[in-house]
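The sequence lines fix the lettering, A, B, ..., with proteins before strands; numbering per chain opens at 1.
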Amino acid sequence: MHDVYFFNTMGRSIQRFEPLHDHTVGFYGCGPTVYNFAHIGNLRTYVFEDILVRTLRRFGYDVTHVMNITDVGHLSGDDDTGEDKMLKSARERGKSVLEIARFYTDAFFKDTERLNINRPTIVCKATEHIQDMIDLIRRIEANGYTYFAGGNLYFDVSKFGHYGELAGLQLDQLKAGARVEVDPHKRNPFDFVLWFTKSKFENQALLWDSPWGKGYPGWHIECSTMSMKYLGEQFDIHAGGVDHIAVHHTNEIAQSEAATGHKWVNYWMHAEFLVLDKGKMSKSSGSFLTLQTLVEEGYDPLDYRYFCLGGHYRSQLSFSWEGLDQARSARLSLVDRVIALKERAGTPAPLPRLGERPMRYREAFDEALADDLAMPRALAQAWTMLKDPEMTPAETLALVLDMDDVLGLGLAGAERRETSVDAETVRWIEEKIQKRADAKKARDFATADAIRNELKTRGIQLEDRPDGTVWRLTE
RNA sequence: GGCGCCGUACCCAAGAGGUAAGGGAGAGGUCUGCAAAACCUUUAUACAGCGGUUCGAUUCCGCUCGGCGCCUCCA
């Protein structure tokens, strides 16, 4: 078991991680609202959470990772009066809410899979936990934190002593309503809805009976409900994007602790945004890139994963195609090295038998991870290790594969892409190589170079090595 | 109006009160008929600007300029 330090948003400081129970970790990561594709900014956060889980597991913790799928309750508007995002998307696309949810949930996991993001231990849908939410709301209500107004059940933030602690909010200094019209039914602008009853959605799906009338849950309650259901009323880590600090997570804390009467989450971790030149990536500004777009532009999804690894999760990372190109070059070079190591070393050296020098690299790599997931430093360690001439190929291979347990770049499965070329093409290429060899032997370099160029235009690069000519795909 | 972050070489990006990781790109070299690949070497007297604290700051403090995020659905 390795000591780990994380930056806890609660308290805004690096803190030593101490799990509630020994070797187990309960981790809840806010999942997607499945009304549209995830964009690469969203995906950055999931890469971060994946690194977090992989790191904890590497250090010996048994992690239960829970992720929600928001398929109801998340409103599209700037205030609590907007339409549910799922309903809106379904209406606009002429599909049922169920179809929309299934489609985008599948798309989401297809993306995360392509990024080598491990599946959470438990994936739970909001719509399958409505009764649990109602039960939790009733506890909050029984404890006196709610009021009913205008058809909605509200959480009364003034009853919750340290509301806004996570975000450092001071209620009296916030200019609530400066940019958004405040719901007139609210006693306090920061009150939020636990349960909606909206007659205008009477004939639509996503309505459930409740003690407060037919309606649907507020967005925040699902995370409180499902996290506690699967991880217990107090658990270790809750993560998400920085945008969730001030509202979503702040409200989650208020309602959760109002229900149970005790502390809910010990460590809060938030991933910074992926930003473009003009600011953050968002669906409304039109600068909305999906992983699929990157693939269509010729990138491997793992190029994007590598790109994410290049920046610390608590710093904004600026996306650019040039940056992605650089990530691709670096990743391909890494893969080439691993392939070469496999060819030279055969099987990796057994980890326990590695000597002092390799183990120092491993320790440095782990130190970086343990220091609030310093991936750029961990990556730098990996590169330095890869270039160390004092190490044997078997040692280097063993270590790089070991590190890849966290990096998640699929290095164990790395192999020459040439193996995917069909036999007929291989035969054709080999004939060309033979003809070129003959030309070279006759010192007819013009012909030799012509053949090499012909192959090059077809994406096949020839390399003359001491023991003969080999070919490889360039794209 | 409030809260917070950032500004490091051509690009991305770490970092530490004592003299700047790593990657990409570039340059030179070895090898080669020439290439490619690989390997070797190389690329910030200095970390936006100006002050202050200090024996010493790029790293701490203040101000200025510039960029960004949150306070409103949002990873």
Sugar-phosphate only, base, or nothing, as touched by A/K456 at under 4.0 Å among non-hydrogen atoms: nothing
P gap between B/C39 and B/G24, integer Å: 10 Å
Position toward the 5' end of RNA chain B (nearest nucleotide), A/P376 or A/L462: A/P376
Touch class at under 4.0 angstrom, heavy-atom based, for A/H244 against every strand present: sugar-phosphate
Sugar-phosphate only, base, or nothing, as touched by A/K387 at under 4.0 Å among non-hydrogen atoms: sugar-phosphate
Inter-nucleotide P distance (B/A75, B/C12), Å rounded: 26 Å
Donor-acceptor pair present, A/R452 side chain and B/A35 base, under 3.5 Å: yes
Sugar-phosphate only, base, or nothing, as touched by A/R436 at under 4.0 Å among non-hydrogen atoms: base
For B/C31, the Watson-Crick or wobble counterpart (both distances under 3.5 Å): none
Donor-acceptor pair (no angle test) under 3.5 Å: A/Q326 side chain, B/C11 base: yes
Pairwise C1' distance, B/G29 and B/U53 [rounded to whole Å]: 49 Å
P spacing across the pair B/C61 / B/G4, given as an integer number of angstrom: 13 Å
For B/C3, the Watson-Crick or wobble counterpart (both distances under 3.5 Å): B/G69
Value in whole Å for how far the P atom of B/G22 lies from CZ of A/R377: 14 Å
Sugar-phosphate, base or nothing in reach of A/L317, heavy atoms under 4.0 Å: sugar-phosphate
Side chain of A/A330 (C-beta onward), nearest among B/C71, B/G24, B/A75: B/G24
Sugar-phosphate only, base, or nothing, as touched by A/R337 at under 4.0 Å among non-hydrogen atoms: sugar-phosphate
Position toward the 5' end of RNA chain B (nearest nucleotide), A/Y313 or A/W383: A/Y313
Sugar-phosphate only, base, or nothing, as touched by A/E463 at under 4.0 Å among non-hydrogen atoms: base
Distance-only donor-acceptor test (3.5 Å): side chain A/D325, base B/C12: no
Sugar-phosphate, base or nothing in reach of A/D449, heavy atoms under 4.0 Å: base
Complement of B/U42, any strand, by Watson-Crick or G-U distances under 3.5 angstrom: B/G26
Identity of whatever pairs with B/A48 - Watson-Crick or G-U, under 3.5 angstrom: B/U64
Nucleotide forming a Watson-Crick or wobble pair with B/U19, both distances under 3.5 Å: none
Sugar-phosphate only, base, or nothing, as touched by A/R12 at under 4.0 Å among non-hydrogen atoms: nothing
Sugar-phosphate, base or nothing in reach of A/H312, heavy atoms under 4.0 Å: sugar-phosphate
Euclidean distance, atom CZ of residue A/R314 to atom C1' of B/A14 [Å, nearest integer]: 13 Å
